[in-house]
Structure formats: structure tokens, C-alpha cells
Amino acid sequence: MTKYWLMKTEPTTFSIDDLESSPDQTTCWEGVRNYQARNLLRDDIQEGDQVLFYHSACKEPAVVGTATVVRSGYPDSHAFDRRSKYFDAKSSADKPTWYMVDIQLQQKLDTPVTLKAMRDRAGLKGMALLQKGSRLSVQPVKKKEFDTVLKMAGV
DNA sequence: GCCAACGTTGGC
DNA sequence: GCCAACGTTGGC
């Protein structure tokens with residue numbers, strides 16, 4: 001059963017254009033250091049699931065594309081790499097704390113769906129992204145919400 | 001740059 | 001186990 005997710009990224013760190021220019025338009029979603037999001041990455045996100053790719057902490061926060069999960073949760077090896085900014089001494093290869101998935105670009109939206117537009121859309125009222133204080137960088141999205149966002153993008 | 005909301009840390 | 005202090009997120 002296909003599930004739906006939203007993943008946040010700061011475009012200055014990794015943007016939809018970076019994903020597009022990645023080999024096979026695929027990347028590992030490393031660096032998530034929040035337990036709730038970790039649990040989703042490790043336990044719930046499966047190959048074939050659909051992802052809304054969201055730009056946060058920028059001029060125009062918006063869903064800018066969609067992606068497909070091409071590899072389900074596996075240990076985030078960046079946590080073992082002392083030179084990585086995602087290094088975490090408490091995580092080890094035999095007992096990993098952090099997990100990641102691989103995603104592949106599905107499509108870049110010609111018309112990004114802005115945070116503002118989503119707030120104005122009655123049908124999206126319940127969306128996790130729009131709840132006050134919601135900071136989860138990986139969050140579940142209902143199929144209906146996913147479809148609504150795509151419709152707003154004219155897809 | 002500000003600041004509200006949230007998560008984590010660590011002293012007790 | 002409580003909770004104050006601190007760090008981070010992210011919209012504005």
C-alpha cells in the first residue's frame with residue numbers, strides 16, 4: 001500500500017535542482033537527527049511511497065516537486081563519519097541510531113505550491129505541515145492531501 | 001534578524 | 001523524574 005510523505009529541505013542545503021542534477025536523479029536523505037522522523041524513516045517509509053519535496057526556511061516556502069522512495073530505511077552512515085557534519089559519536093555501524101532512505105525525483109513542479117496557498121486551501125486544514133509549531137522534517141501526508149497539492153500545482 | 005515553539009540536555 | 005537552560009527550526 002503506497003503511503004505519502006512530505007520531506008523538508010532548505011534549498012541552500014539541498015534543493016530540488018540539486019536532486020535533479022544528482023546521478024539517476026536519486027539521493028540518500030541523510031542527516032535527519034530527530035527521533036520521531038527517524039522512526040518514520042526506519043519503520044514506515046517503504047519503496048514506492050510518494051514524497052512531496054518541500055523547500056523550507058527560504059523566501060517562498062513551497063512544495064516544489066515530487067519524488068519516489070527507491071530504497072527503504074537503512075543506517076545513515078554519515079553518523080559514523082567523523083568528518084561529516086552529521087557525525088554522531090553515539091551512533092555506530094553495529095548499533096545505528098539514525099536512518100535514511102533513498103529518493104528519486106519524480107517531477108519538478110512548474111508551479112510550486114506555496115505554504116501560503118496551502119494555508120488558504122480549506123481541504124488542507126488538517127495537514128501536519130500547517131499545524132502550529134510543527135517542525136517535523138519528515139511527516140506523513142494523507143493521499144487526499146497529496147492529490148490536492150498536485151491539483152493545485154496543475155498536475 | 002526576530003522570536004515562538006519545540007526537542008534535548010543535564011543538574012538535582 | 002522534574003524542569004530550567006540551551007540549541008534548533010522555520011515562518012515572518
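In what follows, every heavy atom counts, from backbone to side chain, and hydrogens, waters and symmetry copies are set aside. Note on naming: letters A, B, ... go to the chains in the order of the sequence lines (proteins, then strands), and numbering restarts at 1 for each one.
- Between A/K143 and A/D147, at least one side-chain N (NZ, or NE/NH1/NH2) sits under 4.0 Å from a carboxylate O, which counts as a salt bridge.
- The distance between atom CD of A/E60 and atom C1' of C/dG10, rounded to the nearest whole Å, is 15 Å.
- By the side chain to side chain donor-acceptor pair (under 3.5 Å) test, A/D110 is found to be paired with no residue, residues two or more places apart in sequence or in another chain being considered.
- Proximity of A/E30 to A/S84: side-chain heavy atoms (C-beta onward) are nowhere separated by under 4.5 Å.
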Contact list (N/O, under 3.5 angstrom) for nucleotides 5-9 of chain C vs protein:
from, atom 1, to, atom 2, distance (Å)
C/dT8, O2, A/R135, NH1, 2.6

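- Between A/V149 and A/R121 the shortest side-chain heavy-atom distance does not fall below 4.5 Å.
- Counting only residues at least two apart or on different chains, the ring-ring contact (aromatic ring centres under 6.0 Å, His included) pairs with a member in residues 119-155 of chain A are A/Y4-A/F146.
- The distance from the CG atom of A/L19 to the CD atom of A/Q104 is 8.5 Å, given to the nearest 0.5 Å.
- Proximity of A/V155 to A/L109: side-chain heavy atoms (C-beta onward) are separated by under 4.5 Å at one or more points.
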Could you list, one pair per line, each protein nitrogen or oxygen that sits under 3.5 Å from a nitrogen or oxygen of nucleotides 1-4 of chain C, together with the distance?
none

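- Heavy-atom contacts from other residues, nucleotides or ligands closer than 6.0 Å to CD of A/Q36 number 12 or fewer.
- Near DNA chain C, meaning a heavy atom under 4.0 Å away, the residues from residues 114-124 of chain A are A/L115, A/R119.
- Side-chain contact between A/L124 and A/M152: present, with at least one pair of heavy atoms (C-beta onward) separated by less than 4.5 Å.
- Contacts classified as ring-ring contact (aromatic ring centres under 6.0 Å, His included) and involving residues 14-57 of chain A (residues at least two apart or in different chains) are given here: A/W29-A/F53, A/Y35-A/W98, A/F53-A/H55.
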